[in-house]
Amino acid sequence: MRHLIDATTNEILLNQVEVADTFWRRFKGLQFRSSLPADTGLLITPCSSLHTCFMRFPIDVVMLDQELCVVGIRKQVRPWKAILCAPGTKSVIEMSSVSKHWAVGRKLKIVSGLEERPCSQ
């Protein structure tokens, strides 16, 4: 399982990130899904534009450059819209709602699994 974290603070931003990095996975995206669980996102890479055709719910889009730095944010993009991404966008994360504080310039990291830490006593 992949997680999205803040590269500076190590705060977990999304507990589950699906990756669409092949032609067919990018093509399918979130089309025809009835919803996307909270705290879950879809990383589409490479991606410099997107559409919400055949989607059934609005999404929030976080645009990332090659270094996974936030270069743009679009909130509540409704179905049947086309989006041109911010200059420098190389990938995007689509999610049902941006519940965390997102800001242009924030550096992110995708990690596969998180280490379990013992409870402090």
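Start at 1 with the first residue, then count along the sequence. Please read all numbers here as calculations on a predicted model, not as lab measurements.
- Within the 4.5 Å cutoff, side-chain heavy atoms of V70 are placed close to those of L64.
- Scanning all heavy atoms of the two residues, the minimum distance from G105 to C69 falls at O-SG, 3.4 Å.
- In this structure, the side chains of I110 and L68 come closer than 4.5 Å at one or more pairs of heavy atoms.
- Among residue pairs with one or both ends in residues 15-27, those qualifying as salt bridge (charged side-chain N to carboxylate O under 4.0 Å, His left out) are E18-R33, D21-R25; sequence neighbours excluded.
- The side-chain heavy atoms of I59 and L36, taken from C-beta on, include no pair separated by under 4.5 Å.
- Taking all atoms of both residues into account, the shortest heavy-atom contact from S96 to P37 is OG-O, 4.2 Å.
- Side-chain contact check for R74 versus M63: some heavy-atom pair is nearer than 4.5 Å.
- Closest of all the heavy-atom pairs between G72 and A86 is CA-CB, 4.3 Å.
- Counting heavy-atom neighbours within 6.0 Å of Q16 CD, excluding the residue itself, gives a total above 12.
- The CD atom of E11 sits 10.0 Å away from atom CG of L4, with the distance rounded to the nearest 0.5 Å.
- Here the options are M95, R106, K75, the test is side chain to side chain contact (heavy atoms under 4.5 Å, CB included), and the partner is V62; only M95 passes.
- Using cut-offs of 30° and 60° for the angle between ring planes, the W24 and F27 rings count as perpendicular.
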Would I5 and L108 count as a side chain to side chain contact (heavy atoms under 4.5 Å, CB included) if you check the C-alpha gap in whole Å, the side-chain angles of each, and the deciding distance to 0.1 Å? CA-CA 6 Å; I5 64 172; L108 308 177; over 6 Å; no
Would M55 and K81 count as a side chain to side chain contact (heavy atoms under 4.5 Å, CB included) here? Give the steps. CA-CA 10 Å; M55 292 186 58; K81 299 293 179 187; over 6 Å; no
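- Applying the ring-ring contact (aromatic ring centres under 6.0 Å, His included) definition to pairs two or more places apart or across chains, those involving residues 63-95 are F54-W80.
- Between V77 and L50 there is no side-chain heavy-atom pair separated by less than 4.5 Å.
- The two residues I93 and G41 make their nearest non-hydrogen contact at CG2-CA, 4.4 Å.
- Pairing each heavy atom of D39 with each of L14, the nearest pair is OD1-CA, 3.5 Å.
- Inter-residue side-chain proximity for T52 and P58 is flagged as unmet; no heavy-atom pair is nearer than 4.5 Å.
- Here the shortest heavy-atom pairing between C47 and V92 reads SG-CG2, 3.8 Å.
- K28 NZ: 12 or fewer foreign heavy atoms inside a 6.0 Å radius.
- The backbone N or O of Q76 lies less than 3.5 Å from a partner atom in the side chain of D60, making a donor-acceptor pair.
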